[in-house]
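Everything on this sheet refers to the single structure shown next.
Labels below follow one simple rule: chain letters A, B, ... track the order of the sequence lines, proteins then strands, and each chain is numbered from 1.
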2 protein chains.
Amino acid sequence: MATIRDVAKRAGVSVATVSRVINDNGKVSDKTSRRVKRSIAALGFEPDFLARTWRTRVTHTIAAVVADNTSPHHGIALREASAVALEHNYTLILCTTYFDSQIEKQYLRMLRERRVDGVLLNTVGQSENEIRALTKSGIPVVLLNRPLANQGRLVDAVVVDSYRGARDLVEHLIRVGHRRIAMAYDQALNEFHKRERLRGYKDALRASNLPYNPELIRATRLSHDSGIECAQNQLVFSPRPTALFAAGYGTGLATLAMLRAQGLRIPTDICFAMFDDVTWGDFIDPPLTTVRNPAQELGRQAMELVFARLADRKRPAQEIRLAPSLVVRRSCGAPKIDETLRAQSEQTQIALTMDPSDAVIAAWQGL
Amino acid sequence: MATIRDVAKRAGVSVATVSRVINDNGKVSDKTSRRVKRSIAALGFEPDFLARTWRTRVTHTIAAVVADNTSPHHGIALREASAVALEHNYTLILCTTYFDSQIEKQYLRMLRERRVDGVLLNTVGQSENEIRALTKSGIPVVLLNRPLANQGRLVDAVVVDSYRGARDLVEHLIRVGHRRIAMAYDQALNEFHKRERLRGYKDALRASNLPYNPELIRATRLSHDSGIECAQNQLVFSPRPTALFAAGYGTGLATLAMLRAQGLRIPTDICFAMFDDVTWGDFIDPPLTTVRNPAQELGRQAMELVFARLADRKRPAQEIRLAPSLVVRRSCGAPKIDETLRAQSEQTQIALTMDPSDAVIAAWQGL
DNA sequence: CGATTTAATGTAACTGTTTACATCAATATG
DNA sequence: CATATTGATGTAAACAGTTACATTAAATCG
């Protein structure tokens, strides 16, 4: 492999000049620049990325540490993050923690050793020390969907506004005529989002002067053995609510299965809506009303935040709050429906509100 | 930051000795080893990963280039690959190409420059040169779900046996009583898998002495604008088949929507089954009969293949063929059903055949 | 017991860039 | 015209490890 010295010798210049040409910094006359470039081409010289990295201490690498890359939400965020990275000629390291804080810590330590240039972190908690170590080493950390750790104002964050999402959804249900609305959330749902979604639910009720009934709030737990049965027992209400709102993906799935098991039809017997838009929500019968997380936006903004901080390390920590959007489909047909809403709903149904960009559709086309 | 020289000086030994202690190779007496370790601890010395990488030319990094990380299939494969990487103290770079061969090439060039230690590649094609360049640079390439390029026997591969999957599924449909079985595949489905699935379909028919009717094979195309309508038109049959087999994820979704649009009930009016198991297949109504790809296995084997080749570069190229498994659920209730099958199906339904490990279930629990 | 092997450690070259600083010529400035 | 400034280029010192080879002491062998 040709080195910068070979290039320099052949071009009859110094290595410094070659380096300047390669990096396009410093002053180099047109004439020598051309000569150097010819020399590079002739020798088929390629700068050694590793040597460069070592010398400059920039790895051109960002890591994303997520609890699970297979969830639709983070899958899309990662896809976008990788695209943004590519735009900047950066590379994205994928670290899946499986919701295991030990693995998370292990990854964070590893990433610090490797001196990645930044970390996107969807923490499961307990990594305060590792996060501090990272920032202390000058590695920017951006939290994904977790609020800023109150302890330090050192890290940026981008979060989805769970409160807004829950409130919008419940307000929609109320507007459409529901009065008795149940909410199910997963026991293991992140504390912050649990609180926020519950707050959204309550505020929506209050705004319409509806009573808040704790009886209608249920925690579900999807476990391997007990499976659906568990959720099923936990989700028996009497009298039956007219609408059921699942505050998360897992709960949504469990709830769907539970309703099927109870022989309840959607939306005839009960209306159903869930947090976390799913690509297939449009395709099944009935199409699901969901709160769509701006996953793509989240991935992009998080990445941009890293680059912004790399460009200016003094900037104050920032928390970007993204608004989810309500996707109205058939699963929430209203008990009483007014004409404007009907039209709107009808239209949505026809437009089929395909979540995704062409890219995602293309995605389906592969194996 | 303390360097190896500082450690050496403090311990009163040479840098070589320190290096030997760190890497636990070469001969070092217990006494000096202890002294060195004390010195390391005292100084808080951490070997510089970058310097090491540069010197040894091993990056401890594998890249996975996939068409789309959000598909359930590759999402799971990636999750597993990242876990295997972690076991080996390796890191996984995620490269999503969006089915764009230009981006794929760009990534492959980038990865070669970065001298990753290996590449998992779910190619969309046209990257022969880049693949060759990689292997020529001594970087092992393992193809994901693509057959070995006939041109060179340089790369390993791990593929899902599409033929087997299709054949098993169609044979199941036949056994259960279906005689008129339609198959839909996506126009953009990878050529190899298209051929294999079709072959499986035909062979299954032939084995039962059923006629092959080209009229029952349809290509669908999910496009953004035309959306479902398109699929809808393309999927009108007369007389109607009793079962419809979607040979892919995208087609599966399109088909589901189409059946709904045509007002057909599953499985009462028509039976439905699809390739590519989906995590939610269990939860919706009716639960879907699917061909489950061993995605996890695929990710693991591919990764192991890389490590195997790193350990022995002379080993002959290998193609690992993984068998998919049939997951029988409700969407294929049989027109005529015999008792054993009924029992089997019932049991499956009760066991709820949760695709995933606890990890995936946990996944659902996060935002 | 001298010769040979083995174990433990040290010396210094090597990896390929970047960049601070030096040099020198050409140009601008007072 | 002498001097300061600027532009173009060169020199050589980092950067922080690994490892081939050399050296020395200790152990083993005939």
Side-chain angles (χ1 to χ4, degrees), chain A residues 1-40 43-61 89 110 112-117 137-138, chain B residues 1-40 42-61 89 110 112-117 137-139:
Chain A
M1 208 68 257
T3 77
I4 203 174
R5 267 170 246 275
D6 301 325
V7 175
K9 191 177 296 175
R10 189 175 208 281
V13 297
S14 73
V15 291
T17 302
V18 177
S19 175
R20 282 189 271 257
V21 170
I22 295 169
N23 297 295
D24 200 22
N25 58 9
K27 301 281 175 189
V28 182
S29 76
D30 277 8
K31 205 179 54 179
T32 37
S33 172
R34 268 197 303 276
R35 224 191 15 250
V36 169
K37 276 172 186 161
R38 263 203 308 278
S39 173
I40 288 175
L43 294 172
F45 166 76
E46 289 179 351
D48 182 336
F49 184 84
L50 264 30
R52 218 170 195 176
T53 287
W54 176 62
R55 177 63 229 231
T56 60
R57 318 246 63 169
V58 353
T59 53
H60 287 269
T61 301
N89 233 291
M110 212 167 151
R112 194 173 65 85
E113 275 187 10
R114 289 176 179 241
R115 298 185 206 248
V116 295
D117 296 332
S137 301
Chain B
M1 210 65 258
T3 75
I4 202 175
R5 272 166 240 274
D6 302 326
V7 174
K9 191 176 295 176
R10 190 175 206 281
V13 297
S14 74
V15 291
T17 303
V18 178
S19 175
R20 284 189 269 258
V21 171
I22 295 170
N23 297 296
D24 198 23
N25 57 9
K27 303 279 175 188
V28 181
S29 75
D30 277 8
K31 204 180 54 180
T32 36
S33 173
R34 269 196 302 277
R35 221 189 20 248
V36 169
K37 278 173 185 160
R38 263 204 307 279
S39 174
I40 288 175
L43 294 171
F45 166 76
E46 289 179 349
D48 182 334
F49 184 84
L50 265 29
R52 219 170 195 175
T53 285
W54 178 59
R55 177 61 230 233
T56 59
R57 319 244 60 162
V58 353
T59 53
H60 286 268
T61 301
N89 234 290
M110 213 166 150
R112 194 174 65 86
E113 275 187 12
R114 290 176 178 241
R115 298 182 205 249
V116 296
D117 296 332
S137 301
I139 301 174

Rounded interatomic separation in angstrom, taking CG from Asp30(B) and P from dA8(C): 9 Å
Distance criterion of 3.5 Å, no angle test: do you see the side chain of Arg20(A) paired donor-to-acceptor with the base of dG10(D)? yes
Say whether, by atom type as modelled, one donor and one acceptor occur between the side chain of Ser39(B) and the main chain of Arg10(B) under 3.5 angstrom. no
Within the pair Ser14(B) and dG10(C), is there a side-chain N or O less than 4.0 Å away from OP1 or OP2? yes
Please check if any side-chain donor atom of Arg114(B) sits under 3.5 Å from a side-chain acceptor atom of Thr61(B), or the reverse. no
In whole angstroms, how far is the C1' atom of dA16(D) from the CZ atom of Arg57(A)? 8 Å
Measure CG/Asn25(B) against P/dT18(D) and give the value in whole Å, please. 8 Å
Considering only side-chain heavy atoms of Arg52(A), which listed nucleotide, dA7(C), dT18(C), dT11(D), is closest? dT18(C)
May I ask you to verify if any side-chain N or O of Ser29(A) is less than 4.0 angstrom from the OP1 or OP2 atom of dG7(D)? no
Does Val13(A) reach a base, just sugar-phosphate, or nothing at all? Heavy atoms under 4.0 Å. sugar-phosphate
Per the atom types in the model, does the base of dT17(C) pair as donor or acceptor with the side chain of Arg5(A) at under 3.5 Å? yes
I want to check one thing: is the phosphate of dG10(D), taken as OP1 and OP2, less than 4.0 Å away from some side-chain N or O of Thr17(A)? yes
Under 4.0 angstrom, heavy atoms only, what part of the nucleic acid is Thr32(B) near: base, sugar-phosphate, or nothing? sugar-phosphate
Nearest heavy-atom approach of Ser33(B) to Val21(B) is CA-CG2, 4.1 Å
Separation of Trp54(A) atom CH2 from dT19(C) atom C1', in whole Å? 13 Å
Less than 4.0 Å between a side-chain N and a carboxylate O, is that true for Asp48(A) and Arg55(A)? no
When all nucleic acid strands are considered with a 4.0 Å heavy-atom cut-off, which category describes Phe45(A): base, sugar-phosphate, or nothing? sugar-phosphate
Under 4.0 Å between any heavy atoms, over every strand shown, what does Ser19(B) touch: base, sugar-phosphate, or nothing? Just pick one. base
Find the distance Asp48(B):CG to dA14(D):P and express it as a whole number of Å. 17 Å
Whole angstroms only, please: what is the CD1-P distance between Ile22(A) and dG16(C)? 13 Å
Taking all atoms of both residues into account, what is the closest heavy-atom pair of His60(A) and Asn89(A), and its distance? ND1-O, 3.9 Å
Side chain of Pro47(B) only, please: which of dG17(D), dT18(D), dT9(D) is the nearest? dG17(D)
Using whole Å, what does the distance between atom P of nucleotide dA7(C) and atom NZ of Lys27(B) come to? 5 Å
Give a yes or no answer on whether the side chain of Thr56(B) reaches the backbone of Arg52(B) with a donor-acceptor pair at less than 3.5 Å. yes
Just how far, in rounded Å, is P of dT15(C) from CD1 of Ile4(A)? 15 Å
Hey, is the side chain of Arg55(A) pairing donor to acceptor with the base of dA14(D) inside 3.5 Å? yes
Measure from the side chain of Asn23(A), starting at C-beta and using heavy atoms only, and say which of dT19(C), dT18(C), dT18(D) lies closest. dT18(C)
